[in-house]
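Some notes on the structure that comes next.
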Amino acid sequence: MIGRLAFASDPRTAAQEACAEALGGFDPDGTIAILSHFDADGLAAAAVLARALERAGRRHAIHLTGKGETPWDPDVASRLSAGDPAGLILLDLGTRATPVLPGCPTVVIDHHVPTGEPAGAITISGNGLSPEPTSALLAYWAAGALGDVDDLLWLAAIGLIGDMEEGRDFPELAEAQARWGKTALRDAVSLINAPRRTAAADAGPALRLLLSADGPKAITKGVDADSEALRAAKAEVRAAMEAGKRQPPVVVGDVALITLDTPCQIHPLVAQQWRGRLKDKIVIAANHGYRPGWVHFAARSASGRNLIDFLAEHRPPDADGRYGNGHAQATGGALTLADWNSFVRGLGIPQAQVLS
Ligand SMILES: [Mn+2]
């Protein structure tokens, strides 16, 4: 287990103390770089911390990982370094031993299964806690180190609902639903998650709304350009899903494989849909149209099988850090065509090989 929350008697206080300690190690006059995942949980986590830093008079710049990117890619490191950050906050991006910006004081806020302890960083991980807080709720707890963030509680709820696991019955969620409306929060999450699934994958409009809105209704009822962009994105993704839903699975042994060819990131949604219908199978939805030269895939199972272990057993020799991270019941990865083809041959599904 990584970080101190799992051992703390009160994870809320522990997260706040860890954040205070991390911020104390950043030059107060420097710019803090925030790098977050572009799903609702990551974006909401970034918005909570950015808004709390803003109020506390601390300079910050938000960066997002783009389509197919991980924080450990050289391109991401150079974008971050260009701003000469005094500190780095990593949100909802996984927890690995490798530093993202070596030498830069770093705090990791995350809830995925860690693959290592980042040396020299302060890690605020929800992994191992029950129920498991998502990154936005952890960020909300951590942001308490900067002042009163009570009015930003709805952003924590956006992240909790966005990651949509059962049993996340936090008092914060119930309170946010009572104050801002259950339906408004759910509808806002669906809109916020849409742009990153489109072919362009630009989460900018979603982030801007989370940085400025006073609640979910400002997003669901918004008539500004950013709100309209979210609705257009939702329509684009819905059309891609209509086609994706019609793809039949190929079932071989324990595995049900659905192959997709779309620039939209719908493979996790398709896998999630089939998971409920093929309860004893490992469902893999694979998309070779998402990014040229790569197959991106999502793996889900309702069988209780540990999918991170399953993927580790079938790991192609050249797979990198994009493969097999996440959660035991919700994982996936990205493989080059050659690695994908070796992966499906190993599963006994050679007909799923993708020719370049
Ligand atoms: Mn998350």
Side-chain angles (χ1 to χ4, degrees), residues 1-3 5-6 11 15 19 34-50 62-72 89-96 100 107-115 118 123-143 152-170 172-173 176 185-186 188-197 201 203 206-207 210 265 267-269 271-272 296 298-300 307-308 321-322 324-334:
M1 235 170 261
I2 302 277
L5 263 55
C19 182
I34 297 172
L35 178 66
S36 88
H37 187 217
F38 62 175
D39 73 352
D41 189 35
L43 294 172
V48 169
L49 278 165
I62 303 178
H63 305 259
L64 305 176
T65 50
K67 199 169 182 174
E69 271 185 342
T70 84
W72 296 272
I89 303 177
L90 298 172
L91 297 169
D92 201 40
L93 290 161
T95 307
R96 301 189 195 175
V100 168
V107 53
V108 176
I109 298 183
D110 184 47
H111 65 118
H112 299 94
V113 178
T115 59
T123 302
I124 301 174
S125 173
N127 187 256
L129 296 184
S130 182
E132 186 190 87
T134 64
S135 298
L137 181 59
L138 293 165
Y140 176 78
W141 291 347
L152 303 179
L153 178 63
W154 67 280
L155 290 167
I158 292 280
L160 283 165
I161 297 165
D163 278 15
M164 262 204 339
E165 307 253 328
E166 299 296 313
R168 292 223 164 108
D169 46 356
F170 287 94
E172 286 90 345
L173 180 59
L185 283 165
R186 198 188 53 223
V189 167
S190 156
L191 286 164
I192 291 294
N193 263 326
R196 57 131 176 160
R197 298 193 195 281
L207 176 63
L210 293 175
Q265 196 211 35
H267 36 285
L269 302 174
Q272 188 66 25
H296 283 249
R300 302 284 186 275
L307 301 182
I308 290 181
R322 286 171 179 76
N325 300 304
H327 304 278
Q329 305 300 313
T331 174

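We count ligands from 1, going down the list as the structure has it; atoms in each ligand are counted the same way. Numbering of residues begins at 1 and proceeds along the displayed sequence.
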Would you kindly say whether Asp163 and Thr134 are connected by a side-chain donor-acceptor distance under 3.5 Å?
no
Taking Thr331 for its side chain and Asn325 for its backbone only, find out whether a donor-acceptor pair lies under 3.5 Å.
yes
Verify the distance criterion only: is there a donor paired with an acceptor across the side chains of Asn127 and His112 at less than 3.5 Å?
no
Please examine the side chains of His296 and Gln265, heavy atoms only from C-beta on, and report whether any two atoms are closer than 4.5 Å.
no
Asp110 side chain vs Ser125 backbone, donor-acceptor pair below 3.5 Å
no
At a cut-off of 2.8 Å, what protein N/O/S atoms sit near the Mn ion (ligand 1)?
Asp41 OD2, Asp92 OD1, His111 NE2, Asp163 OD2
Specify whether Trp141 and Phe170 have parallel, tilted or perpendicular ring planes, treating 30° as the upper limit for parallel and 60° as the lower limit for perpendicular.
perpendicular
